[in-house]
Amino acid sequence: MLNQALIFGVLASTAQLARASVPRYAQKISPISFAVLDTVPTGTQFNGTSHFIPPGTTSDSLKAKPFHIYDDSFYDIIGSDPTLTLLAYTATDPIFHEAVVWHPETNSVYFAQNAGPVAAGTGLNKSAIVQKIYLDDAERIVKQGNGSGYVNVTTVDSGVRVINPNGGTNFRGKIVYTAEGQGNDIPPALYLIDPNNHDNTTVIMNNFYGRQFDSLNDVAVNPRNHELYFTDGPFGWVQAFRPNPVLPTQVYRFNYDTGVVRAVADGFHMTNGITFSPDGMYAYVTDSGVSSGFWGYNYTNPSTIYRYDVNDEGNFSNRQLFAYNEIRVPDGIHCDVHGNVYVGTGDGINVYNPSGLLIGRLYLGTTSANFAFTGKGKMVVCAETKLWYVNWNAEGADITSNAYSG
Ligand SMILES: *[C@@H]1O[C@H](CO)[C@@H](O)[C@H](O)[C@H]1NC(C)=O
Ligand SMILES: *[C@@H]1O[C@H](CO)[C@@H](O)[C@H](O)[C@H]1NC(C)=O
Ligand SMILES: *[C@@H]1O[C@H](CO)[C@@H](O)[C@H](O)[C@H]1NC(C)=O
Ligand SMILES: *[C@@H]1O[C@H](CO)[C@@H](O)[C@H](O)[C@H]1NC(C)=O
Ligand SMILES: *[C@@H]1O[C@H](CO)[C@@H](O)[C@H](O)[C@H]1NC(C)=O
Ligand SMILES: *[C@@H]1O[C@H](CO)[C@@H](O)[C@H](O)[C@H]1NC(C)=O
Ligand SMILES: *[C@@H]1O[C@H](CO)[C@@H](O)[C@H](O)[C@H]1NC(C)=O
């Protein structure tokens with residue numbers, strides 16, 4: 001204990017020394033600087049769809065130095081010279097949406113297109129598309145240092161088409177997807193893709209005791225029992241590509257070996273992203289109920305990250321409000337090795353410490369629905385029409401070794 005405290009003290013003072021200079025692509029934004037505003041806009045001027053531009057900044061200045069330090073502990077996460085590099089972009093189609101999964105064995109990153117409304121530029125004919133990039137390409141572009149070269153994006157031709165994939169994670173050396181389904185006849189399902197043999201894609205679960213789910217959204221592996229936990233909500237319905245929900249909006253667990261599916265949590269508006277703390281003691285679930293497709297926005301609905309205790313049996317209990325999302329809706333969510341919580345949101349990625357304090361942000365100025373840690377100090381970020389690469393200190397919780405053990 002004494003040694004630990006000593007080491008901690010030394011580390012802390014080293015970090016404080018480093019704090020003398022703010023990294024070139026970072027800026028400090030102190031909450032005390034906007035605790036009092038000259039005028040505070042009304043709810044019709046500033047609401048759940050607005051972007052917050054703190055006093056003394058502009059949208060451009062926020063983007064120019066995109067690593068925003070809200071609390072000094074964020075210095076340890078960004079390190080001395082964090083960078084953000086554009087890897088790829090499209091003119092309109094939101095091909096970089098969600099289901100971002102790093103597959104270490106092939107050093108590739110998989111992602112899926114937005115299955116949302118046609119107005120988003122997608123169209124259902126295009127939405128069942130899984131694509132990938134190679135991280136070696138990403139590294140080469142970072143070395144060029146100017147974002148001038150873009151990585152090749154290749155389409156994954158899976159033997160069985162994944163219909164409207166929205167979430168994904170590593171599972172036993174392969175990738176499991178939550179797919180939203182389409183219309184009446186293609187039910188939401190879990191699919192398993194083998195990155196070494198895309199042809200061998202299989203549906204591993206598609207019903208709850210004979211009932212269709214609403215629209216499966218996101219999936220995570222509990223590192224303690226290795227079961228698949230996934231969220232289900234009425235997204236396909238409010239985006240007009242699935243029928244009326246016939247199940248409540250819930251979180252479920254699926255045991256791949258026994259086939260057992262069980263509900264573990266309810267009481268959501270729009271249950272969205274899910275992840276576990278590195279030790280598996282907590283589950284985090286986002287509720288993006290504030291934004292509900294053709295129901296529109298209801299700013300008094302949740303835009304909230306909830307935390308649950310996970311017991312030895314894998315049950316959820318003790319739901320706590322972990323954080324109410326500052327800007328628009330919380331979506332994809334992942335932890336780093338220290339248990340800090342990263343959440344994709346309306347203008348980038350928010351980073352909270354394990355007690356729910358917003359310590360920093362990666363500011364993009366546009367929505368990031370999801371992202372993936374891709375090894376120590378690296379992250380790939382989906383932002384609809386743009387794909388970004390982050391180099392900093394953060395390292396993701398080890399989803400791969402957990403997911404590999406069968
Ligand atoms: C919310 O704020 C935006 C501007 O940020 C405005 O365009 C919109 O009309 C507002 N919505 C409501 C319901 O007041
Ligand atoms: C989808 O593709 C089919 C066949 O090419 C076409 O008939 C249909 O109009 C397309 N639907 C949309 C929404 O683009
Ligand atoms: C970016 O870097 C590459 C490799 O060094 C170089 O070929 C290219 O001209 C640079 N582009 C710009 C816009 O500076
Ligand atoms: C991208 O793919 C094209 C066609 O296969 C190839 O010519 C090119 O070298 C690739 N670029 C990179 C950066 O890998
Ligand atoms: C195809 O995938 C299924 C499910 O993961 C697996 O049981 C089977 O062995 C695989 N077959 C081949 C040829 O890889
Ligand atoms: C917003 O949501 C609350 C809680 O679900 C509900 O009571 C209220 O009627 C909703 N308001 C609108 C305008 O939809
Ligand atoms: C966990 O849930 C299962 C099934 O719902 C139940 O049998 C078990 O008692 C629960 N365990 C605890 C510790 O609550």
Side-chain angles (χ1 to χ4, degrees), residues 34 37-55 57-60 62-63 99 101 103-106 108 110 117 119-120 130 132 156-163 165 167-179 187 189-207 216 219-221 226-228 230 238 254-261 269-270 288-303 324-330 345-348 361 363-367 399-400 402-406:
F34 54 86
L37 297 172
D38 289 344
T39 55
V40 183
T42 67
T44 52
Q45 295 164 325
F46 193 89
N47 52 57
T49 61
S50 309
H51 288 251
F52 180 54
I53 309 292
T57 70
T58 63
S59 167
D60 285 343
L62 292 175
K63 272 190 252 182
V101 182
H103 187 251
E105 196 189 330
T106 54
S108 48
Y110 287 67
V130 174
K132 67 171 186 174
V156 173
D157 290 316
S158 51
V160 169
R161 205 166 174 211
V162 184
I163 304 299
T169 197
N170 304 80
F171 185 63
R172 300 188 182 184
K174 300 181 181 175
I175 297 174
V176 67
Y177 283 104
T178 41
L190 295 177
Y191 292 70
L192 196 59
I193 282 195
D194 182 350
N196 290 311
N197 178 13
H198 291 144
D199 287 343
N200 189 28
T201 297
T202 50
V203 174
I204 58 171
M205 197 275 322
N206 71 357
N207 73 93
L216 301 193
V219 59
V221 176
H226 308 296
E227 286 191 28
L228 291 158
F230 59 92
V238 301
F254 174 60
N255 185 313
Y256 178 72
D257 298 309
T258 64
V260 173
V261 190
H269 282 76
M270 305 290 281
S288 54
V290 67
S291 163
S292 307
F294 60 57
W295 288 336
Y297 285 86
N298 181 337
Y299 306 120
T300 62
N301 282 354
S303 177
Y324 177 76
N325 200 61
E326 288 71 19
I327 307 295
R328 307 177 95 183
V329 302
T345 183
D347 58 4
R361 316 184 62 209
Y363 184 86
L364 302 173
T366 56
T367 294
I399 50 168
T400 54
N402 290 322
Y404 272 86
S405 49

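We count ligands from 1, going down the list as the structure has it; atoms in each ligand are counted the same way.
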Within reach of ligand 1, part of Y299 (heavy-atom separation under 4.0 Å): side chain

Under-4.0 Å heavy-atom contact with ligand 1, by part of H51 that carries it: neither

Nearest heavy-atom neighbours spanning F34 and P54: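 So the minimum-distance heavy-atom pair works out to CD2-CB, 4.3 Å.
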
Non-hydrogen atoms of V329 and T345 that approach each other most closely: O-OG1, 3.1 Å

Pair D257 + R172: basic N to acidic O under 4.0 Å: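 R172 and D257: salt-bridged.
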
Test of ring centre spacing under 6.0 Å for Y177 and Y110: no

Suppose we measure from [atom] to each protein heavy atom; which comes out shortest, and what is that distance?
atom: atom 5 (O) of ligand 1; value: S50 OG, 2.9 Å
atom: atom 4 (C) of ligand 1; value: Q45 O, 3.5 Å
atom: atom 14 (O) of ligand 1; value: T44 CA, 3.2 Å

Interfacing atoms of ligand 1 (cut-off 4.0 Å, heavy-atom, G43): 14 (O)

Quick one: does [X]'s side chain get under 4.5 Å of [Y]'s, heavy atoms only?
X: I193; Y: H198; value: yes
X: F46; Y: V40; value: no
X: V238; Y: M270; value: yes
X: V221; Y: E227; value: no
X: T58; Y: K63; value: no

Heteroatom proximity flag, T202 to ligand 5, N/O under 3.5 Å: no

Heteroatom distance test (K174, ligand 5): nitrogen or oxygen, under 3.5 angstrom: yes

L192 neighbourhood, listing ligand 5 atoms whose heavy-atom distance to it stays under 4.0 Å: 5 (O)

Proximal atoms of ligand 5 relative to N200 (non-hydrogen, under 4.0 Å): 1 (C), 2 (O), 3 (C), 8 (C), 10 (C), 11 (N), 12 (C), 14 (O)

Atom 7 (O) of ligand 5 protein-contacted, heavy-atom criterion under 4.0 angstrom: no

Any protein heavy atom nearer than 4.0 Å to atom 2 (O) of ligand 5: yes

For ligand 5, the portion of Y256 having any non-hydrogen atom under 4.0 Å away: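 Near ligand 5, Y256 shows its side chain, while the N, CA, C and O stay back.
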
Options N47, T42, T49, ranked by nearest heavy atom to atom 11 (N) of ligand 1, top entry: N47

